[in-house]
Trainee: 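Shown below is the structure under consideration.
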4 protein chains.
Amino acid sequence: MRAVIMNSDGKVAVETVPDPQLPGPDGAVIKVDAAAICGSDLHFYDGDMPSVDGLSIGHEAVGTVVEVGPAVTGITVGDRVMVSCIAACGNCPGCRAGDPATCDHGSTIFGFGAGLGGAQAELLAVPVAQSTLMKLPDSIDDEAALLLTDNLVTGWTAARRGEVSPGQSVLVLGLGAVGLCAVRSALALGAARVFVYDPVAGRRARGAAFGGIAVGDDGADPVAAVLEATGGRGADVVIDAVATDRSLDSAFGAVRTGGTVSVVGVHDLNPYPLPILIGVYRSITLRMSMAAVQSSWREVVPLIAAGKLDTTGVFTHRMPLDQAPEAYELVAARTADCTKVVLTG
Amino acid sequence: MRAVIMNSDGKVAVETVPDPQLPGPDGAVIKVDAAAICGSDLHFYDGDMPSVDGLSIGHEAVGTVVEVGPAVTGITVGDRVMVSCIAACGNCPGCRAGDPATCDHGSTIFGFGAGLGGAQAELLAVPVAQSTLMKLPDSIDDEAALLLTDNLVTGWTAARRGEVSPGQSVLVLGLGAVGLCAVRSALALGAARVFVYDPVAGRRARGAAFGGIAVGDDGADPVAAVLEATGGRGADVVIDAVATDRSLDSAFGAVRTGGTVSVVGVHDLNPYPLPILIGVYRSITLRMSMAAVQSSWREVVPLIAAGKLDTTGVFTHRMPLDQAPEAYELVAARTADCTKVVLTG
Amino acid sequence: MRAVIMNSDGKVAVETVPDPQLPGPDGAVIKVDAAAICGSDLHFYDGDMPSVDGLSIGHEAVGTVVEVGPAVTGITVGDRVMVSCIAACGNCPGCRAGDPATCDHGSTIFGFGAGLGGAQAELLAVPVAQSTLMKLPDSIDDEAALLLTDNLVTGWTAARRGEVSPGQSVLVLGLGAVGLCAVRSALALGAARVFVYDPVAGRRARGAAFGGIAVGDDGADPVAAVLEATGGRGADVVIDAVATDRSLDSAFGAVRTGGTVSVVGVHDLNPYPLPILIGVYRSITLRMSMAAVQSSWREVVPLIAAGKLDTTGVFTHRMPLDQAPEAYELVAARTADCTKVVLTG
Amino acid sequence: MRAVIMNSDGKVAVETVPDPQLPGPDGAVIKVDAAAICGSDLHFYDGDMPSVDGLSIGHEAVGTVVEVGPAVTGITVGDRVMVSCIAACGNCPGCRAGDPATCDHGSTIFGFGAGLGGAQAELLAVPVAQSTLMKLPDSIDDEAALLLTDNLVTGWTAARRGEVSPGQSVLVLGLGAVGLCAVRSALALGAARVFVYDPVAGRRARGAAFGGIAVGDDGADPVAAVLEATGGRGADVVIDAVATDRSLDSAFGAVRTGGTVSVVGVHDLNPYPLPILIGVYRSITLRMSMAAVQSSWREVVPLIAAGKLDTTGVFTHRMPLDQAPEAYELVAARTADCTKVVLTG
């Protein structure tokens, strides 16, 4: 089959590789109908990671089941499915709670070189199919489903673990795909006002188009803007979807005393110099999270199916799989024009 | 001053009565700018209650502060305020949690003859002003504020205590003012689908216009309709805003195993023959609730101020205070045309 | 094998019946090491239920796995296990949350004639072994494990769903095995005071020995006693483990405004005449529940293993399986001497 | 009156200063019956803070009301009371929730030089008496009450905000007074096992005597010990009561994936180099907290009054106020012998 292959110098190529095999009796193989490029794929592309030569990349896929193991119930050949970007045991307390990243036996992301193939390929082998896959209702189209494999459930998790509750004010820092999904998630959870900030003006504009209130236009200080808009109190919840490496500084500046900072995404500034004294003195909660995929699916899928949560506008570009090199170049430029690319065919 | 006075034969009159006095150092007196008639006022009007001769009635008012006691802070003469329909001590755990109906020292409803005057009057004496009153922002108009004194916070409480959570399916039984507010509350809390039922077709239509999915049209069984729409599972939450005296039967029929039935409002069938064996076998929760006024204000006021929760369409009639007799007659007819009447002037 | 067989006239006999077969690839068969008689078994014994001729009875068993289906992981032949009294699909949201009674596909109790055999037998076929069975650590002895199959997790569920929280006052009505377990559960959850009542004096005494504060001695009114002890406020939570058919009257009398009544067990007075007006006016929550077996196991098993939750004193009699007729007679007498009987051999 | 006065060189003296005045109509003045020295007082004593010359120190006091403002209800002259170490407005959402450190209008600690006098004195002026003071029942003795002014409610808050739930495993780092109180708090909240660590062996022994399981004896690695005892999983909750400046390193090492690290107390290493990538990858929650005084009182006071939460063994020394210099010297030595000193007379 064809697959997108990453090399350690950040070059991407579409290569022919062996077809994947059924990963055990509880697994499945799917024909990928569409895959997407995620911001976290760029950590390989940018050359941050050493020695990824030959890595089969990608962790966001929807497709059609072409083979299932004998121990799988509820999923059959021909089913249209989406794939959780994280695979885990499916049976420990964390997995049963729908949060595979907290699996007692460890979790794995597709396309990260840790034993699971990449989703940007024609075929994908999926372990523990019963929990890693979800059969798609007709009301969920491929692009909505691709968001549900990672970015939307990450944004939802950020808002949910951030304890966004009705009537609250929220600030979202970073308006890539995850941040934009977090804006809609916070609104769906009843936030009264969602302030949005990204250093790129066009991204702030998109955040506003998604229902947010842009802060930081024309060089204004986004923290000061949030404080002013909240009467000096600060936002109840700040979701840090990595606007910049120092966006946690803004988060701690803009969150109200007793509030929550909810972080998703990969910060280059690691370790981060946490103002622990201020944190204690102001009773701040810091939630750091991977996507709680299945528990989010349970809440978000019915909302999308009922037309209550909009999923349009995140994908800005659609390209064939063979143009993966051009697609990566586009995404890596991090312009306001391109939020996210879907690869098909 | 003029006030609406109820007599035990259900006749209503606008009479001249003595002006109310400041009810202690922590109280206030307000000039009523607008008052509303609530379904529960009809329990007096319909003659269900004996000996209410001379009762000053009404418990929904917005107005302007004309006098405040010396111990009140945060409220001053001239402030535009709304009045919680329930007054209580303001300081016990229940009151501090914003749920005055659970006050350790007992709570009182205005205009029920239990020591507090009626809100359908020119002036109203308000005890414990600091918690019973809330200063209104300009973004909340009088009709929104009137809903916030009772019906909207009752509907909100029904949804909140019913534990409506994102993605869930909800059934609202009874589409008077409280039921309609419950529909919007459930949607604001993230319900994916809100089924609505009332025996009056026009009320079902209004429920659908408020965002609900009408069931029970053309004589169809609403319970069967909800079961079918949910694949036999039933609704996660049923809010019983008193469609009929037997609407709890429908609630228990339509709620899923493990779900919640949330009751607000006064049922004429009391005691109700509870199917306790089925309740236990199906692990049902039954929440019965008065409005948690202040805790709801904290969540709902910012949503309305931000334009996230619509309050229009509940009031169908506006009349001067002097026409209270005609207004009561209209409400008592319980037609689809009239949901709720505001009295001004 | 030998099994306890119930007849419709309430006669119990130990009979030889065919050995059970493996119930599908996800099932198991266990050799029963010990089984117990539950109060709910008496609903058959007392002749409340028609036509149970030949019913293989019992739903509380611990044993050793003698056969497992090929699709079962984590359980092997020779494992010492306890059996959830309720079996269900294991995979729907309710089952994943550890609450099999809320299974989307329906749940079944062993020994109730609904397809699952009785636990008071030499062998027991167990469907969906992975969730219905739990491997026992050495620190949990057989009698503790038997309580964990039903009565203790029922009492725990009553306290947990009753929202017992630290510092609260609780009243437990009914001091059979479930009620006694509820007393200890409430204390383990941080209740400051657990009042206990049963019409049988000896049972009240046992409740006090379990850490409760007996009310209603010498013919005193238990409701009045709780109100007095709580300064007129009432208990935060009342757990109704069926002291009498009218114990819900006492529950509504003794619970504080805004509090919770948590019901487990089978009331003969069905339907129960619920004081719905009082319930609404006082914002009461009524939780009705079957045991949330697996979610309770997750919390209770570590507490028992660590010596933090005592399980002794509930079983008052130990008898061989062949003496089941005598054992049932003893339990049915409902004396203070006999709380619960274990059958072995 | 006499008061303990701190100087910038860390010298402490008992000096005669003017009596405090009633701090407004909602305030009170109390005669201090007993005060205590807190670990945080040492930040002044150790000379960490510049220019504290003449600071009246101390924030833990119980006493008798000698004067109350006219706007205070529920507290009268002669009442035996304890004083929340934190004072705030009493009326904003945070204060109403019983968490004064999250007051919208800012909170102040007694004896920190920010407008409120020190508690280690003969008299203390208390603002907003209705929420800052709590009348003591006879069942709470002076030493229990002194713990309730700060250390015990801080430990309780650490456990509560750390979301300790029944059956969990907890690690407490740092076994000064707050850490010891956290051990008992975690157990009262249903923790199955509470591992305890402090670099001082005698403190570990005291932690074990309080119900904990000591780790790190004989130079063993406490993190490795917790991982081993939990089958490699880690503790569900780690409470960091500042064992060392790097105890957060141990916290992140010992907490399970998906678990919570709950920090109370002042770390000298500020900012702390937070492993943000690991935090996100492992979905860790970091709670930083000041004491939620009144919300904790509501839960803890009934537990102590009912004999369910032991408060003995934390105070190791009792000395007269005039020996404050010797008392500070003793506390500053941070030996295992001295956990906490009460000053009387």
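A note on names: the letters A, B, ... follow the listed sequences, proteins ahead of strands, and every chain is numbered from 1. Since the model is a prediction, treat every value here as computed from it, not as a measurement.
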Trainee: Distance-only check: which donor-acceptor pairs of chain B and chain A lie under 3.5 Å?
Mentor:
{"from": "B:Ala192", "atom 1": "O", "to": "A:Lys308", "atom 2": "NZ", "distance (Å)": "3.1"}
{"from": "B:Lys308", "atom 1": "NZ", "to": "A:Ala192", "atom 2": "O", "distance (Å)": "3.1"}

Trainee: Would you mind checking which part of B:Leu309 comes under 4.5 Å of any heavy atom in chain A, side chain (CB onward), backbone (N, CA, C, O), both or neither?
Mentor: neither
Trainee: Sequence neighbours left out, what passes side chain to side chain contact (heavy atoms under 4.5 Å, CB included) with B:Ala129? Give chain and number order.
Mentor: B:Ala28, B:Val72, B:Leu133
Trainee: At a heavy-atom distance under 4.5 Å, which candidate from A:Ala305, A:Ala191, A:Gly190, A:Gly167 has the highest pair count against chain B?
Mentor: A:Gly167
Trainee: Using non-hydrogen atoms only, which part of A:Ile213 is less than 4.5 Å away from chain B: side chain, backbone, both, or neither?
Mentor: neither
Trainee: Apply side chain to side chain contact (heavy atoms under 4.5 Å, CB included) to B:Ala192 and list each qualifying residue two or more places apart in sequence or on a separate chain.
Mentor: A:Pro302, A:Leu303, A:Ala306
